[in-house]
Structure formats: structure tokens, C-alpha cells
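Have a look at the structure below before the remarks.
Values in this document were obtained by computation on a predicted structure and should not be read as measured data. Order of appearance sets the numbers: ligands from 1, and atoms from 1 within every ligand.
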Amino acid sequence: MSDFIPLSVPNLSGNELEYLIDAVKSGWISTSGGRISEFEEKLAQYLKVKKVAAIQSGTAGLHLAMILSDVGYGDEVIVPTLTFIAAVNPARYLGAEPIFMDCDDYLCLDIEKVADFCEKECDFKRGKLINKTTGKHIKVIVAVHVFGNIVDMYALMKLAQKYNLTVIEDATEALGSYNKETGDFAGAVGDFGVYSFNGNKIITAGGGGAVTAKSSALVDRAKYLSSQAKDDDVRFVHNETGYNYRMTNLQASIGLAQLEQIEEFIGIKEKNYALYKAAGLNLLGFQKNIRSNKWFYSLITDDRDGLIKRLQENNIQSRPIWTLIHTLRPYKQCQSYKIDKAIKYWGKVVNIPCSTNLTKDDIAYVASKIQ
Ligand SMILES: *Cc1c(COP(=O)(O)O)cnc(C)c1O
């Protein structure tokens with residue numbers, strides 16, 4: 001058994017080192033090189049989408065998706081309060097303001113409340129959803145697929161269509177989750193889908209991300225903007241303001257090796273989840289109509305801080321879920337709408353170790369310290 005059991009660490013037992021050494025030997029270590037396009041093709045194949053653009057991070061992907069959704073100064077975007085901050089900050093990069101929404105019992109965006117907000121708190125005029133409180137134009141909904149669950153995308157797309165909103169799926173935590181009835185992967189239903197390959201995600205590239213979009217032309221635009229909007233690579237002509245957001249060949253090398261193992265990782269996540277359940281832990285379920293990647297396990301407890309402390313004393317890392325963003329200093333002045341479930345779950349959920357390299361003994365040990 002391990003001396004210390006971390007919450008979530010990468011599993012690098014595949015071809016990572018081999019591909020990385022190949023890349024170093026080839027000299028292609030920066031934002032050009034064959035592994036990047038290979039990674040894009042394999043990821044698109046896996047997700048059953050036409051195209052993806054590989055970039056530096058999930059945050060960069062969300063930023064690009066918002067730029068391509070025409071979010072700008074004075075606009076507003078609908079976001080969940082229960083999420084990692086990277087789903088919200090890009091709105092601010094563009095001078096837009098977030099409006100915070102509640103979650104449902106799977107910790108995902110409560111679509112009924114969003115619909116309620118649009119109907120009661122907004123006017124729909126000349127094709128634009130206008131917030132009655134601020135008079136501002138709401139352009140985007142960010143749907144975050146929390147911990148491997150999937151926001152009800154079909155209901156959300158209907159709502160978005162009704163109010164002429166663009167939907168950005170933050171699928172950074174749900175790569176590999178899909179709807180069992182339709183086969184649609186998380187990130188492949190909205191106008192944009194964003195992925196992350198940060199060290200703690202289901203697969204990692206050390207850091208990195210990807211964007212897909214319903215429109216292939218918009219994926220091309222994302223790639224263009226991520227490469228400094230370079231229109232001529234001899235004379236360095238840039239016809240737009242671009243970003244240095246392209247993935248590197250080193251990241252893509254690790255990413256490719258990880259992608260080869262994703263289904264294996266999801267299998268282990270499922271098995272470990274079942275072991276914890278069998279040990280009697282009160283874990284939040286995953287939606288029945290999806291194949292979830294079961295990325296993070298959420299234990300429900302009435303003694304959140306006491307449990308975290310007890311686990312820490314036993315060399316087990318655990319964490320409460322994120323402090324709700326509508327309560328954080330940069331955002332507490334922003335509008336929020338009927339948030340109650342998020343507050344309830346924030347007080348009750350503890351994420352427990354979920355790495356794919358946990359042993360059976362590790363899991364039994366963690367479970368014994370929780371009971
Ligand atoms: C990880 C994560 C991101 C950001 O990904 P990075 O690659 O770290 O920038 C965005 N949103 C959510 C919900 C995440 O969990």
C-alpha cells in the first residue's frame with residue numbers, strides 16, 4: 001500500500017516516454033510537428049466529430065470559443081456557479097459579465113432554472129435575449145459537465161435555439177462520457193466543445209486542451225487564432241489579433257500515448273467506483289442514460305471538514321468541491337439566480353482519491369477511514 005494516497009494523479013504507464021523521446025530526438029518540440037495533427041485526428045475519431053484544434057489548455061479553449069461566439073465588451077454569459085473558475089474567467093477576459101446559475105442533483109447546470117430565468121428575467125427582442133435587470137445582451141451559455149456527468153444537452157440546445165444563444169460545452173471533466181441512446185460524446189453536441197489535458201484529467205498531456213465545434217470552419221478559425229493569426233509564415237502577415245495558444249509537439253506526444261489508454265482508464269474508474277460503493281460509501285451516482293467516464297467520485301457527508309481532516313491525518317488527500325464562484329471576490333457583485341442546490345452540495349460533497357493507479361488495498365484503506 002502507498003504511504004500517501006493523493007486525490008488524483010496521472011497514470012503514465014503507456015507509450016508516453018517513448019513518444020516523448022521520439023519528439024525530442026526529432027527536434028520538433030514546439031508548436032509544429034507531426035504529433036499535433038496526429039493527436040487532433042485521433043481525438044476527432046474518438047469523439048466522432050469532424051475536427052478538433054489542439055491548444056495549450058482548456059482555459060485557452062474556452063477563451064477561443066467565447067471569442068468565436070462573438071462575446072465582447074458589455075455582453076453577458078450564463079454560467080454555473082458550481083464549477084472550476086476557468087469556465088468563467090474567459091468571459092471577463094473579453095469584458096463580458098457572467099450570470100450565475102444553480103446545479104441539479106448531478107452537480108450539472110439546472111436547465112429548468114436557466115429556462116425560468118430566460119423567461120421571467122429577460123426579454124427576447126429582435127432575436128436577442130436581453131437581461132431586464134441590466135439591459136445587456138446575453139449571448140452564451142457555458143454548460144460544464146461536472147465530474148464526468150453530462151448536462152442535458154438536448155434540452156439545453158432547444159432552449160438555446162429558442163433564445164438565439166450559443167452553447168459552449170466545457171467537457172474538460174467529461175472526455176469519454178457519452179449519451180447511451182444517441183452515442184453523442186460530451187462536447188460534441190453544443191456549438192463548441194472544449195477539453196483539457198491538465199495533469200488531473202482523465203487523460204493528460206502535461207497541460208493542453210482542444211476545441212471542437214459543430215462548424216468545421218470554426219474549428220479552423222480556432223486553430224488560426226491559436227497560432228497568432230498568421231496569414232503568411234514567410235513575411236509574417238497577421239490580419240487579425242491572434243493568440244499563442246497552440247499545443248506543442250511535446251504535449252501532443254504525451255497526449256497521444258494517453259489517448260491510446262482512455263478506455264482502459266475509464267474501465268478502471270468504473271471498477272474503483274464499484275469497489276467504493278461495495279464498501280458502503282455514500283457516493284453520488286452518475287446519470288443512468290450516459291456512459292460516464294466516472295472521473296471524480298463525490299462522497300456525500302454531513303461532516304465535510306471533519307472528514308477531510310481525518311483523512312489527512314491518515315495520509316489520504318481529499319477535497320471539498322470548489323468554493324461557489326458567485327461568492328468569490330471577483331464575482332460576488334454579479335447577478336445570480338435562485339442558487340440553493342449548489343450551496344447544499346458545496347457543504348456536503350468531498351472528492352475522494354480516484355486515480356487509476358489506486359490498488360485494491362488503497363481503496364479498502366480509504367473506505368475504512370471514511371466509515
Ligand atoms: C480543468 C478544467 C478547466 C480548465 O482546464 P485547463 O486545461 O486547466 O486550463 C476548465 N473547466 C473545468 C470545469 C475544469 O475542470
Nearest-contact summary for atom 2 (C) of ligand 1 - protein heavy atom, Å: Lys201 NZ, 2.7 Å

Heavy atom of the protein closest to atom 11 (N) of ligand 1 (residue, atom name, distance): Asp170 OD2, 2.7 Å

Contact atoms of ligand 1, heavy-atom distance to Ala86 under 4.0 Å: 3 (C), 4 (C), 10 (C)

Ligand-side contact atoms (ligand 1) for residue partner Gly58, heavy atom cut-off under 4.0 Å: 5 (O), 6 (P), 7 (O), 9 (O)

Test item: Asn164 side-chain N/O and Ala160 main-chain N/O as donor-acceptor pair under 3.5 Å: no

Check: Glu173 N/O within less than 3.5 Å of ligand 1 N/O: yes

Any Gly208 heavy atom less than 4.0 Å to ligand 1: yes

Atoms in ligand 1 flagged as close to Ser57, the criterion being non-hydrogen separation under 4.0 Å: 7 (O), 9 (O)

Atom 9 (O) of ligand 1 - nearest protein heavy atom and its distance: Thr59 OG1, 2.5 Å

The one among Val146, Ile85, Leu62, Thr172 that brings a heavy atom closest to atom 3 (C) of ligand 1: Thr172

SB check Lys139 Asp75 (cutoff 4.0 Å): yes

Which of the ligand 1 atoms, numbered from 1, are nearer than 4.0 Å to a heavy atom of Val144: 13 (C)

Exercise: identify the closest heavy-atom pair between Arg35 and Ser253: CG-OG, 3.6 Å

Test item: Asn293 side-chain N/O and Ile266 main-chain N/O as donor-acceptor pair under 3.5 Å: no

Ring centers of Tyr345, Tyr106 separated by less than 6.0 Å: no

Candidate list Tyr331, Phe100, Trp346, Trp322, test side-chain contact (heavy atoms from CB on, under 4.5 Å), partner Thr81, passing option: Phe100

Where ligand 1 meets Asn198 - atom numbers and elements under 4.0 angstrom, heavy-atom basis: 8 (O)

For Thr83, the ligand 1 atoms whose distance to one of its heavy atoms is below 4.0 Å: 13 (C)

Closest protein heavy atom (residue, atom, distance) for atom 5 (O) of ligand 1: Ser196 OG, 3.2 Å

Close side-chain approach of Phe84 and Val144, heavy atoms under 4.5 Å: no

Candidate pair Leu7 and Ile352, rule side chain to side chain contact (heavy atoms under 4.5 Å, CB included), full reasoning: CA-CA 6 Å; Leu7 182 66; Ile352 58 170; 5.5 Å; no

With His326 via ring-ring contact (aromatic ring centres under 6.0 Å, His included) - residues at least two apart: none

